[in-house]
Amino acid sequence: MAIDLRSDTVTRPTADMRRVMAEAEVGDDVYGEDPSVRALEEYAAGLLGHEAAVFVPSGTMGNFCALRASAEIGTEVIADAEAHIVTYELGGLAALGGVQTRTLPGLAGPLDLAELAAQIRPRSAPKTYNMVPTSVVAVENTQARAGGRIWPLDRLERLRAITDDAGVVLHCDGARIWNAAVGLGVEPRRLGQLFGTLSVCLSKGLGAPVGSLVVGDAEHIDRARVWRKRLGGGMRQAGVLAAAGLYALRHHLDRLADDHRHAAELAATLADAAPGRVEPKLVETNMIFVAVRDAESFAARAAARGVLVGTAGPTSLRLLTHLDVGDDDIRTAGDVLARLLAAEAVHATAGDPR
Ligand SMILES: *Cc1c(COP(=O)(O)O)cnc(C)c1O
């Protein structure tokens with residue numbers, strides 16, 4: 001089978017995970033009667049240091065429900081210009097939520113946080129009638145389009161102080177919050193408690209087949225639950241899925257360190273083979289960006305040799321390590337990709353038309 005580095009979403013449930021799914025106690029979760037869903041929600045809330053959580057089918061729905069639980073119609077969410085909610089969620093906040101997104105380049109860094117503070121338009125401030133009030137500042141941790149970079153803790157703490165002062169909610173798109181916690185070597189709650197709400201994913205690095213959670217205080221989660229149902233995300237005997245998620249949280253969190261080690265190894269191999277194409281210092285978690293001449297054709301050549309890679313732009317590859325990629329796979333993928341990169345470099349120096 002091909003070594004699939006396109007995304008950390010491609011993992012399949014393990015045999016043990018399938019067993020707990022098969023044995024899960026279930027009920028009707030729209031009635032609040034699915035014990036496995038409840039167990040997952042309670043566990044996740046506790047893990048992240050919050051009061052409550054709600055299980056949702058996807059991270060996109062999680063972000064929407066969390067943000068819409070804080071942001072009324074006609075208000076704005078401030079986010080990084082490269083954020084997933086801005087780039088990859090089909091404009092849902094605007095299309096379905098009546099909420100505007102204002103993007104700031106470099107929110108995750110290097111934007112000066114004092115500058116961000118000056119951009120927030122608190123509802124409580126004396127304002128002219130036509131100003132759009134800010135309801136939420138949303139960050140992404142880890143930040144996908146920055147290569148899985150981790151927000152420095154001190155920057156997050158300063159940001160939380162700023163949003164508290166302004167009376168706006170600090171939300172985290174935490175699809176990969178688990179990678180951030182493992183990468184920093186802190187308990188997830190240390191990160192969780194810095195946010196008013198979070199959306200966290202069970203089906204990426206953790207390897208569950210489906211699902212995300214919105215986490216926060218009881219009031220926000222009640223509102224998020226209403227939005228979930230309104231969007232058609234109320235699920236019935238969802239315990240079979242929740243059981244997989246709970247298993248993943250209990251058993252697959254610490255092993256993310258292996259994914260990070262694999263990414264570092266692969267980045268080092270590729271940097272050796274083709275200096276300047278990969279910056280190993282920027283590889284903080286499970287994601288590697290590689291500069292190539294033509295991403296689509298490179299990906300096709302790699303696929304023909306049994307390694308699937310993602311593209312992040314016309315000249316950029318994105319590789320992710322995950323649960324279904326082992327030590328040997330990393331060595332094999334390193335060999336294949338290093339050879340292709342080296343061939344490209346030779347080609348480039350020998351009369352490349354660029
Ligand atoms: C994957 C992802 C999401 C959305 O997840 P889906 O389950 O695919 O909807 C949100 N934010 C980030 C940063 C992601 O990587």
Side-chain angles (χ1 to χ4, degrees), residues 4-13 40 44 48 53-68 77 79-93 95-97 101 103 107-109 136-151 156 170-183 188 191-192 195 197-215 224 227-228 231-233 235 238 241-242 244-245 248-249 256 259-260 263 284-289 310-312 318-323:
D4 196 344
L5 303 174
R6 288 172 302 164
S7 176
D8 44 7
T9 56
V10 299
T11 56
R12 295 182 172 87
L40 170 66
L48 289 160
V54 56
F55 184 46
V56 293
S58 71
T60 300
M61 192 185 286
N63 277 326
F64 183 94
C65 292
L67 291 168
R68 201 56 184 77
V77 171
D80 189 280
E82 294 289 333
H84 195 282
I85 57 168
V86 173
T87 313
Y88 296 122
E89 298 183 11
L90 293 162
L93 273 179
L96 310 172
T101 314
T103 57
L107 176 60
V136 181
V137 174
V139 306
E140 189 176 309
N141 199 14
T142 65
Q143 171 107 354
R145 283 175 65 85
R149 306 287 305 277
I150 302 171
W151 269 73
L156 276 180
L170 183 60
H171 170 73
C172 179
D173 176 353
R176 296 190 182 84
I177 191 87
W178 320 113
N179 297 87
V182 167
L191 288 176
F195 301 101
T197 57
L198 300 100
S199 171
V200 300
C201 186
L202 301 166
S203 70
K204 287 195 169 145
L206 295 183
V210 176
S212 285
L213 291 141
V214 181
V215 182
W227 274 103
R228 178 186 71 164
L231 293 174
M235 298 177 284
L241 298 173
L249 279 176
L256 290 173
D259 296 346
H260 297 179
E284 296 180 354
T285 55
N286 68 331
M287 210 178 283
I288 308 166
F289 280 39
T311 59
R318 196 185 77 147
L319 318 179
L320 272 89
T321 56
H322 53 75
L323 181 61

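The model shown is predicted, which means the values in this text are computed figures rather than measured ones. Each ligand, and each atom within it, is numbered from 1 in the order the structure gives.
Side chains of His322 and Asp4: a donor-acceptor N/O pair is absent below 3.5 angstrom, by distance only.
Distance alone, capped at 3.5 Å, is enough to place a donor-acceptor pair between the Thr285 side chain and the Gly148 backbone. A donor-acceptor contact shorter than 3.5 Å links the side chain of Trp178 to the backbone of Cys201. A donor-acceptor pair under 3.5 Å is absent between the side-chain atoms of Gln143 and the main chain of Ala108, judged by distance alone.
Annotation: ligand 1 has protein neighbours Ser58, Gly59, Thr60, Asn63, His84, Glu89, Glu140, Asp173, Ala175, Arg176, Lys204, each with a heavy atom less than 4.0 angstrom from the ligand.
Counting all heavy atoms, side chain and backbone alike, Leu93 lies closest to Phe64 at CA-CE1, 4.0 Å.
The existence of a salt bridge linking Arg145 and Asp80 is excluded, since no basic side-chain nitrogen approaches an acidic carboxylate oxygen closer than 4.0 Å.
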